[in-house]
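Each chain gets a letter, A, B and so on, in the order its sequence line appears, and its residues count up from 1.
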Protein chains: 2
Amino acid sequence: MKIKNYYKNLPHKTIERLSQYRRALMICLDNGKTHIFSHEIANIQHITSVQVRRDLMLIGYSGTLRKGYNIQDLIEVISHIIDDEEGIKVAVVGMGNLGRALMKYVRGKRHKLEVVAGFDTNEEKIGKEYKGVTCYSIDDLEKVIDKLNIKLAILTVPAKYSTETAEKLVDAGIKGILNYTPKPIRVPEDVYLEEYDMITTLEKVAFYIKMHQEEEGE
Amino acid sequence: MKIKNYYKNLPHKTIERLSQYRRALMICLDNGKTHIFSHEIANIQHITSVQVRRDLMLIGYSGTLRKGYNIQDLIEVISHIIDDEEGIKVAVVGMGNLGRALMKYVRGKRHKLEVVAGFDTNEEKIGKEYKGVTCYSIDDLEKVIDKLNIKLAILTVPAKYSTETAEKLVDAGIKGILNYTPKPIRVPEDVYLEEYDMITTLEKVAFYIKMHQEEEGE
DNA sequence: TTTTGCCTGTTATTTGCTTAACAATGTGCT
DNA sequence: AGCACATTGTTAAGCAAATAACAGGCAAAA
């Protein structure tokens, strides 16, 4: 009732940055560093030291004046906030290039976040393993999700199947979906949805390139 | 000096939505629709009709009271704003699974945004074609970028090569980079940079799943 | 003809987040 | 000891974007 609700009110952007801080910190730790200043963290990501301090203030972690933040401690504090104690099981739905890329990204990096299943409709892929993870038929979605206690699905199927696959995932009791399909999906209130559309981002970059070159050309 | 600077001040989020509106509108057009209401557009994406109208107001496009917006016209207006007349040439740097996935996504969808080259260090891939696009050696980056007039690079190399590859791209005169590497890069002021980190997003989804289940369990 | 309802387009308010400003503190140098 | 300085932690101001509120208009129904 108290502490958890407190973390729940952390800004979304802060949550994202905490994840990035942690990864940067782990690299520093591997390099033998024990302490770090806010402006050093800020330099790795490209933000300001003020923002780093503000984020750390929000999670209630204090550094020391002369040495900065204890890297080991800070990693643990961040992990305590963003990791689930039990770990969260992930499925990649759609084993095309994007699905396989994500599989590789995530495999073994975060031990509290494990990809335990892939799904596809392609008979060639079903039953095979990729990076040690079995690929199941989409028809077995509900069964496998329930059996392996999968909470999070990464949706990387072709756009035309987005809607129906999302529905299946919801019916199977999934708790969060990360939709990389260019087509927006709808989910009930209690399922957390995050969507990212690569084409949109690409067009945005193209737009600012265009703007910039028009500016120069005048 | 006048019109272009005006569009330059459009909110970033509006630019993103315009790209999405356009894609949704093109599908509607294919389905034989000629006009559409703001709330219909809002339904396809998951936003409110107010926001749609506000975005369209910002770009100065007016609908009619009884029929809504003319789909064909609106597509043209949006295209005029976000597309570069000459078209913008794109390179995919790093032909792993993610690079190939992006290649497939973009190929042929946007004729004003064309992937004209891939790059990799793997000898097996160099010289080969994928989806009709030649894969070059990273060593030839500068030469090829100059020759093919490539303005935009999608960075999908392994994280350990992010920094050095980004530097090469900047030296080669690239105007915009879309970095899908988990490692932040630095570019000069005049290069537009957009970064997206899949692991961060995944951890964010996991965090909100965790929050939600703790909330239920009390 | 008047009224009702459903749209659009614009202005005002609120929210969420970033940036700036500054007080507090401990360390090393003189 | 006393001063200069780099760094943290917090509060206040500023910005960008989303949401709310509402004015205006046309078309069909009464």
Scan A:Thr64 against the nucleic acid and name what it touches under 4.0 Å (heavy atoms): base, sugar-phosphate only, or nothing. sugar-phosphate

Any side-chain to backbone donor/acceptor pair from B:Asp84 onto A:Lys210? Under 3.5 Å, distance only. no

Want to settle it: does A:His12 or A:Arg66 sit nearer the 5' end of DNA chain C, counting the closest nucleotide to each? A:His12

For B:Glu203, which of A:Arg17, A:Lys112, A:Arg23, A:Arg22 qualifies under salt bridge (charged side-chain N to carboxylate O under 4.0 Å, His left out)? A:Arg22

Neighbour count >12 (heavy atoms, 6.0 Å) for atom NZ, A:Lys168: yes

Interatomic spacing from CE in A:Met103 to NZ in A:Lys131 - rounded to 0.5 Å: 10.0 Å

May I ask you to list the residues of residues 36-56 of chain A, by number, that have any heavy atom positioned under 4.0 Å from an atom of DNA chain D? A:Phe37, A:Ser38, A:His39, A:Arg53, A:Arg54

Using side-chain heavy atoms (C-beta onward) and a distance below 4.5 Å, is B:Val90 in contact with B:Val106? no

Distance, rounded to the nearest Å, where A:Leu58 contributes CG and D:dT11 contributes C1': 13 Å

Kindly assign one of parallel, tilted or perpendicular to the pair A:Tyr61 and A:Tyr69, based on the angle between their ring planes and the thresholds 30° and 60°. tilted

Boundaries of the DNA chain C segment in contact with chain B, non-hydrogen, under 4.0 Å: C:dG5 to C:dA12

Using the six-membered ring wherever Trp is involved, compare the ring planes of B:Tyr196 and A:Tyr180 and label them parallel, tilted or perpendicular (cut-offs 30° and 60°). perpendicular

Please enumerate all residues that pass side chain to side chain contact (heavy atoms under 4.5 Å, CB included) together with B:Glu16, with sequence neighbours excluded. A:Thr200, A:Lys204, B:Lys13

Closest to the 5' end of DNA chain D, once A:Leu65 and A:Met57 are matched to their nearest nucleotides, is A:Leu65

Can you tell me the distance, in whole Å, between the CG atom of A:Leu74 and the P atom of D:dT8? 12 Å

